[in-house]
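Structure record follows, encoded as structure tokens.
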Amino acid sequence: MAKETHEFQAETKQLLDLMIHSIYTNREIFLRELISNASDAIDKIHFESLTNKDLLEGDSNYEIFLIPDESTHTLSISDNGIGMNREELIENIGTIAKSGTKIFLQKMMEAKENNSAVSGKELIGQFGVGFYSAFMVAEKITVITRRAGDKQAYKWESAGDGSYTIEECAKNKRGTTISLTLAPEFYGDKAEENFTDTNKLQSLVKKYSDYVRYPIKMNFVIEETPKDKDGKEIKDAEKIKRDEIRTLNSMQPLWAKNKSEIKPEEYNEFYKNLFHEWEDPMEVLHNKAEGTIEYTSLLFFPAHAPFNLYHTDYQPGLQLYSRHVFIMDNCKDLLPEYLRFVKGLVDSPDFSLNISRELLQQSRELKIIGRNLENSILKTLEKTLKNNREKYEKFWAEYGKSLKIGVYGNMYSGNDTINKLKDLLLFATSDESKGLTSLKEYIERMPENQKKIYYATGKDRKAIDSLPQMEILRDKNIEVLYLLDNVDEFAIEALHEYDSKPFHSISRGDLDLDDVESQQTKKETEDITKKNESLIKDIKDTLGEKVADVKISNRLKSSAVCLVADEKGPSFSMEQAFAEANNPMFKAKRILEINPHHQLFDRLQSIHNLGKDNPQFKDYCDLLYTQALLIEGILPENPADVANKIASLMSQTK
Ligand code: ADP
Ligand code: MG
């Protein structure tokens, strides 16, 4: 095969461009990225060799080598991992296949446009752009690689200028050697950062890659004064040089150490290393279980929910190890779906090394461990909520949605999840001074004669505050939960009740207020309804399909109308959530409620007296309904038509 030249994919070009001209200062992380790729490649050969020993070609001494060379100003990172064939080189290094990287690119572009230097660091840490980060320090990258089991090796080369070349070459050992030809700023004694300096490299490995499972080795040239027979240094003798290969990383798996011997910084460093995070975790849970099932778990809550936590491209799951040997990444079968934000690992001698994912799913041990982990996570959360409200609310801001999805998602599961989660939920409330409230706290504040837990939905506090339905509850000093998140109402629906108190939306069905005054209003409303039967019927007929019913309201004070949803079926906000999820089938049944004490009602009566077919009555009905829609934040189907009607009405007034 002759040397071939390939163009980078357009997106790769952009990324390269950003890397090369990056305003980014923390360039040293390229080493972590390349080492972690090498370590991943060794994981892969290790894993494949479990079913195909021949791949190892007799070499199972896994190792990563750093080879700095000041004279050629290169730094090479060499591994005896899985290697790559030609197709893999093109696929893995020539294109950006991962959606995470694409989003990274987009964000970087935005950050660049906004001239914000901060985001570079955050973004690179978050997205682990990996291989390409090497272009921050290298003017040319050469990859020489041979896939385990293949005879032919390939050389890939690029100056990061839009294209790369591939040609055949020879390589004795399997695996990959990546050689960076360093840019002038990055080698030599006068360099701002010298990446051919062994001490510098050693400290970088300690900092970023200490727990890498495989030895990272480097040759050190030791200068010594020769010694005489008795071991004494010979005076004035010329120094001699000798080579010494040292392993730079401790490889000590942190989780195997005793909890009491581990400093918080060690947990943090370990976490950042293993998961390519740049921020310390918000929670660390380290447990050792002995007994029927033996395991160690080390779990973390990332400081911030990842941008794609709820998307399909997010990879949830824990790492599995058996006696410190890595078995598998992203094992989803340990933790329930709603805890998908938890990162970490489980090490158990009960896991067998070459177990398949399918078999693992059925493993009894895994189920038991999973249940224990879930319980200990929930216990930690309970404790935090009880003892450190501020910390819990931080957690809630990031992962509250997950718990609510957990409640909703387990509506029909028949397990106990809802019960376990219900006390961990927080909601905003009409009483702003209370901040976020748990259901328990709400109940404790509830007056004795209140039978229900009232809630309202809206996109923000203001939207709910201005709902006409809120007025009466405010007047009666009844606390209302403010459901501001799309999933809130779904969770509430799934809970159904708390402490035997049913949930009740202020925009649905009868409010069921129990005080004397309310009973009176109710009776009064019934009377007015009777007296206005034909009016109500005619409004309903005029609006036709648009409404399921028209009623005289007992919940309105100063507003003329409101729209409520039927108690059966979805609410308006659920309707909107369904529509956003491309599922517009679920429509709330609309009930138009009219305030009989509003002046508009008198007017309506007199217009109605002129006959239900008179055009003004029709316009009035339409506009009443539209008003009610607008209050709920729903746009009318034909806004222009509505505007015309309003204009015409306005010009009629004297
Ligand atoms: P990531 O490691 O997150 O997949 P990178 O940009 O770091 O992204 O690497 C891209 C891909 O290139 C890797 O997924 C892997 O397939 C391949 N690769 C990189 N370095 C090596 C290596 N040393 N040995 C084998 N494959 C590698
Ligand atoms: Mg990588």
Side-chain angles (χ1 to χ4, degrees), residues 26-32 34-36 38-39 42 58-81 137-138 144 171-173 175-258 260-266 268-270 273 324-325:
N26 196 20
R27 295 167 193 261
E28 62 190 31
I29 58 105
F30 82 90
L31 188 63
R32 175 194 74 186
L34 295 184
I35 287 175
S36 107
S39 160
I42 297 176
D59 174 16
S60 61
N61 268 332
Y62 302 127
E63 59 188 5
I64 298 165
F65 250 96
L66 304 188
I67 310 145
D69 185 341
E70 181 129 29
S71 63
T72 56
H73 52 92
T74 56
L75 169 63
S76 301
I77 294 96
S78 181
D79 66 66
N80 57 354
V137 298
I144 291 180
K171 188 177 191 302
N172 225 340
K173 278 178 139 192
T176 306
T177 300
I178 295 182
S179 300
L180 313 181
T181 304
L182 297 163
E185 311 92 279
F186 302 112
Y187 64 87
D189 291 340
K190 292 189 190 70
E192 58 180 276
E193 282 177 292
N194 182 1
F195 294 116
T196 53
D197 173 15
T198 45
N199 291 328
K200 165 108 183 164
L201 293 168
Q202 179 169 34
S203 71
L204 287 179
V205 168
K206 263 278 172 249
K207 178 169 169 195
Y208 291 113
S209 313
D210 197 40
Y211 301 104
V212 166
R213 294 179 279 277
Y214 308 104
I216 302 165
K217 296 180 178 175
M218 188 165 58
N219 185 50
F220 286 77
V221 180
I222 313 284
E223 282 191 31
E224 279 173 340
T225 319
K227 289 174 184 156
D228 61 19
K229 288 197 293 294
D230 308 324
K232 268 198 188 151
E233 287 187 358
I234 303 172
K235 256 197 186 158
D236 299 329
E238 204 173 303
K239 288 200 173 167
I240 46 170
K241 290 183 179 176
R242 77 181 160 82
D243 289 338
E244 187 178 298
I245 290 174
R246 290 184 192 158
T247 298
L248 308 176
N249 54 333
S250 73
M251 291 177 287
Q252 154 90 281
L254 184 74
W255 65 90
K257 286 207 225 167
N258 246 333
S260 55
E261 290 162 19
I262 307 175
K263 296 191 207 83
E265 307 87 80
E266 288 183 277
N268 294 347
E269 270 319 301
F270 176 80
N273 246 302
H324 311 172
V325 180

Checklist outcome for this item: Looking only at heavy atoms, the pair that brings P184 and A191 closest together is O-CB, 4.5 Å
Item to check | For F30, ring-ring contact (aromatic ring centres under 6.0 Å, His included) partners two or more places apart | outcome: F195
Item to check | Residue pair P68 / T196: nearest heavy atoms and the distance that separates them | outcome: CB-O, 3.5 Å
Item to check | Pairwise side-chain contact, S179 with I144, heavy-atom cut-off 4.5 Å (strictly under) | outcome: no
Item to check | Those residues that, when tested against E70, pass side chain to side chain donor-acceptor pair (under 3.5 Å) (two or more places apart) | outcome: none
Checklist entry - How far apart are the closest heavy atoms of T225 and K239, and which atoms are they? => result OG1-CE, 3.8 Å
Next on the checklist: Checking K235 now: which residues fulfil side chain to side chain contact (heavy atoms under 4.5 Å, CB included) with it, not counting sequence neighbours?
Outcome noted: none
Checklist entry - By side chain to side chain donor-acceptor pair (under 3.5 Å), which residues pair with S209, not counting sequence neighbours? => result none
Item to check | Residues that I222 engages under side chain to side chain contact (heavy atoms under 4.5 Å, CB included), provided they are two or more places apart | outcome: F220, E224, R242, E244, R246
Item to check | Partners passing side chain to side chain contact (heavy atoms under 4.5 Å, CB included) against D197 (at least two apart in sequence or in another chain) | outcome: N194, N199, K200
Item to check | Residues which pass salt bridge (charged side-chain N to carboxylate O under 4.0 Å, His left out) with K171, listed by chain and number, not counting sequence neighbours | outcome: none
Item to check | Straight-line distance of S76 OG to L180 CG, nearest 0.5 Å | outcome: 7.0 Å
Next on the checklist: Is it the case that atom CG in N258 sees more than 12 heavy atoms from other parts of the structure closer than 6.0 Å?
Outcome noted: yes
Checklist entry - Could you give the distance from CD1 (I77) to OG (S36), rounded to the nearest 0.5 Å? => result 11.5 Å
Next on the checklist: My understanding is that only residues two or more places apart in sequence, or in another chain, count here; which of them pass salt bridge (charged side-chain N to carboxylate O under 4.0 Å, His left out) with K257?
Outcome noted: E266
Item to check | For Y62, ring-ring contact (aromatic ring centres under 6.0 Å, His included) partners two or more places apart | outcome: H46, Y214
Next on the checklist: As an exercise, state the distance from CD of E63 to CD1 of I245, rounded to the nearest 0.5 Å.
Outcome noted: 8.0 Å
Checklist entry - Hey, mind stepping through K206 and L248 against side-chain contact (heavy atoms from CB on, under 4.5 Å) and telling me if it holds? => result CA-CA 7 Å; K206 263 278 172 249; L248 308 176; over 6 Å; no
Checklist outcome for this item: Applying side chain to side chain donor-acceptor pair (under 3.5 Å) to D69 and not counting sequence neighbours gives S71, T72
Next on the checklist: Let's go through L75 and L201 carefully: what are the C-alpha distance in whole Å and the side-chain angles of both, what is the deciding distance for side-chain contact (heavy atoms from CB on, under 4.5 Å) to 0.1 Å, and is it a yes or a no?
Outcome noted: CA-CA 10 Å; L75 169 63; L201 293 168; 3.9 Å; yes
Next on the checklist: Please report the interatomic distance CD(Q202) to CD1(I216), rounded to the nearest 0.5 Å.
Outcome noted: 11.5 Å
Checklist entry - Can you name the residues that form a side chain to side chain contact (heavy atoms under 4.5 Å, CB included) with P253, not counting sequence neighbours? => result W255, A256, H324
Next on the checklist: What I'd like to find out is whether the side chain of D243 reaches to under 4.5 Å of the side chain of V221, using heavy atoms alone.
Outcome noted: yes
Checklist entry - Step by step, would you call L31 with V137 a side-chain contact (heavy atoms from CB on, under 4.5 Å)? => result CA-CA 10 Å; L31 188 63; V137 298; over 6 Å; no
Next on the checklist: Under the rule for side chain to side chain donor-acceptor pair (under 3.5 Å), what residues qualify as partners of D79, not counting sequence neighbours?
Outcome noted: none
Checklist outcome for this item: CG (L254) and CD1 (I262) are apart, to the nearest 0.5 Å, by 4.0 Å
Checklist entry - From I29 CD1 over to L34 CG, what is the distance, rounded to the nearest 0.5 angstrom? => result 9.0 Å
Next on the checklist: Using every non-hydrogen atom in the two residues, find where D59 and K173 come nearest and quote the distance to one decimal.
Outcome noted: OD2-CE, 4.1 Å
